[in-house]
Amino acid sequence: MKRLFVKTWGCQMNVYDSQRMADVLAPMGYAPVDRPDDADMVILNTCHIREKATEKVFSELGRLRAAKQARQDAGKGDMMIAVAGCVAQAEGAEITARAPFVDLVFGPQTYHELPDMVATAARQGGLVNTDFPVEAKFDHLPDAAADPGVSAFLSVQEGCDKFCTFCVVPYTRGAEYSRPVDRIVEEARRLVARGAREITLLGQNVNAFHGDGPDGKAWGLGRLIYRLAEIEGLARIRYTTSHPRDMDDALIRAHGEVPQLMPFLHLPVQSGADRVLAAMNRKHTADHYRAIVDRLRDARPDLALSSDFIVGFPGETAADFAETLRLVTEIGFAQAYSFKYSARAGTPAAALDDPLSDAEKSDRLTALQQLLNEQQLAFNHAMVGRTIPVLFDRAGRKPGQIQGRSPWMQSVHVVAPARLCGSIETVRIDQALANSLSATLVLRDAVALAPDVPDAPARARAAHRAAAAGR
Ligand code: 5AD
Ligand code: SF4
């Protein structure tokens, strides 16, 4: 067995890609380990979205260089170091210049060729592959790993044609590509057969999905969701990350009609000021965003929203920033990510005048985050006393606890036997913390609460899951 360590930064698409890289390498005898020190191969799956994300890669490479050397000195053989993902795509040449001990550099579009690339890199002492192949990698990937977990990711779309002026994604991930519907349904069925109860559909612009349907027509994301909802045993469907422009009627209707589609949506708005949105080339106004949220909430009144924000975009005035705060106050977010603008080489915004001081950007970020944190806490507090379904997927942090997610993506922990992982249980929320909820299992039946038998037969667990799936 060869040891493979994969470290992942960035979005969920990278998490999915990392899993698939491990799948591709498994037939070569690579098995995942959770430490880099003694690995035969280390892959850094990187993110280029902001400057900080990129710099982290180079500091990690510094540490790996020492580990590689130590392994060689100890006579344990070589450690192949690979840099993958968006930094690799954007800065392939810079990586080999700054870190010549890196053996392999490959972008997000070529990892289905990993076995060949690994062999070539070993033979010729290094390889850089940042092609955008004509054939989509998805058609050349093996089946997903045997155990996808209770909550699985499924990539349905990749790339972006929107060209927001601040963003590197259209350059690192390339043009929009949607997988054919049949392939997606097949992969979803396999995931469910292997124990997934929840699937999150992934794409940089996932609601721009327009995959070939079995009827020869292009299907949108809404139609795909209706189709996936027919899969027995698939209890929860989510998708991320979406763009306000692509929130079409069918998708909005799906939010109202498909019970498996969870009432939580990450819908980035970036700014509340039309001037800034125009300069960002977002192709929507603040009112357009408000109108979409209204329609979504009409369809699904308990829908909770999440967003991304950028503060200090070049030219953002205090009045523009106030517009962002106003939008946040009006909409009310259950959760959000906010960032200081970070100029990225090669993007149109990088050429704009940026007179705002870093201190002013920091002040705006603090003010926005304070408001968003208050909203998140209020949203969590409103759950106290409620009885809600939770999909449990892992052991909790404290002994005897298990942890899962509410329909609104909140992390929920209860004291309960570990075998309930994989099932959806009703809980009563006792307490709201900043980032999680503490709850008590509502007694379904005595069996559900009986303590774990250490080596409880797998069959019993499977029967329990089947029963839960049938509810
Ligand atoms: N600077 C700051 N934030 C950025 N994002 C993307 N590009 C930049 C940038 N250059 C943020 C956006 C996007 C999220 C994934 O990252 O808010 O939605
Ligand atoms: Fe980047 Fe805009 Fe595309 Fe999102 S929609 S990936 S922010 S260019």
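Worth knowing before you read on, the calculation uses all heavy atoms, side chains too, and leaves out hydrogens, waters and symmetry mates. Since the structure is predicted, the reported quantities are computational estimates derived from the model, not experimental observations. Counting starts at 1 for both ligands and their atoms, in listed order.
Among protein heavy atoms, atom 2 (C) of ligand 1 sits closest to Lys340 O, 3.4 Å. For atom 9 (C) of ligand 1, the closest non-hydrogen atom on the protein side is Ser342 O, 3.5 Å. For atom 11 (C) of ligand 1, the nearest protein heavy atom (residue, atom name, distance) is Arg50 NH1, 3.2 Å. The single protein non-hydrogen atom nearest to atom 18 (O) of ligand 1 is Asp308 OD2, 2.6 Å, given as residue, atom name and distance. Annotation: atom 7 (N) of ligand 1 to nearest protein heavy atom, Phe166 CD1, 3.3 Å.
Contact of the Glu158 side chain with the Tyr16 side chain is not registered, since no non-hydrogen atoms from C-beta on lie closer than 4.5 Å.
A side-chain donor-acceptor contact under 3.5 Å links Asn45 and Ser18. Side-chain atoms of Thr54 and His48 include a donor-acceptor pair closer than 3.5 Å. In the model, Thr317 has a side-chain atom that pairs as donor or acceptor with a side-chain atom of Asp320 under 3.5 Å.
Residue contact check: Arg344 has heavy atoms under 4.0 Å from atoms 10 (N) of ligand 1. Residue contact check: Ile49 has heavy atoms under 4.0 Å from atoms 5 (N), 6 (C), 7 (N), 8 (C), 9 (C), 10 (N), 16 (O) of ligand 1. When each atom of ligand 2 is checked for a heavy atom of Phe166 under 4.0 Å away, the hits are 7 (S). Here is the list of ligand 1 atoms found below 4.0 Å of a heavy atom in Gln270: 12 (C), 13 (C), 17 (O), 18 (O).
Salt bridge Glu198/Arg405: absent, no basic N to carboxylate O contact under 4.0 Å. A salt bridge between Asp358 and Lys361 is absent, with no side-chain N of the basic residue lying under 4.0 Å from a carboxylate O of the acidic one. Salt bridge Arg364/Glu323: absent, no basic N to carboxylate O contact under 4.0 Å. Taking the charged nitrogens against the carboxylate oxygens, Arg63 and Glu60 do have a contact shorter than 4.0 Å, which makes a salt bridge.
Excluding waters, the set of protein N, O or S atoms lying under 2.8 Å from atom 3 (Fe) of ligand 2 comprises Cys160 SG.
By the 6.0 Å contact criterion, CZ on Arg290 is enclosed, its count of non-hydrogen atoms from other residues, nucleotides or ligands being greater than 12. Few gaps surround CD on Glu94; more than 12 heavy atoms of other groups in view lie less than 6.0 Å from it.
Contacts between Phe339 and ligand 1, counted as non-hydrogen atom pairs separated by less than 4.0 Å, involve the side chain only. Contact annotation for Ile310 and ligand 1: only side-chain heavy atoms (C-beta onward) come within less than 4.0 Å of the ligand.
Within the structure, salt bridge (Lys or Arg N to Asp or Glu O under 4.0 Å) contacts touching residues 200-229 (residues at least two apart or in different chains) are Asp215-Arg223, Arg227-Glu230.
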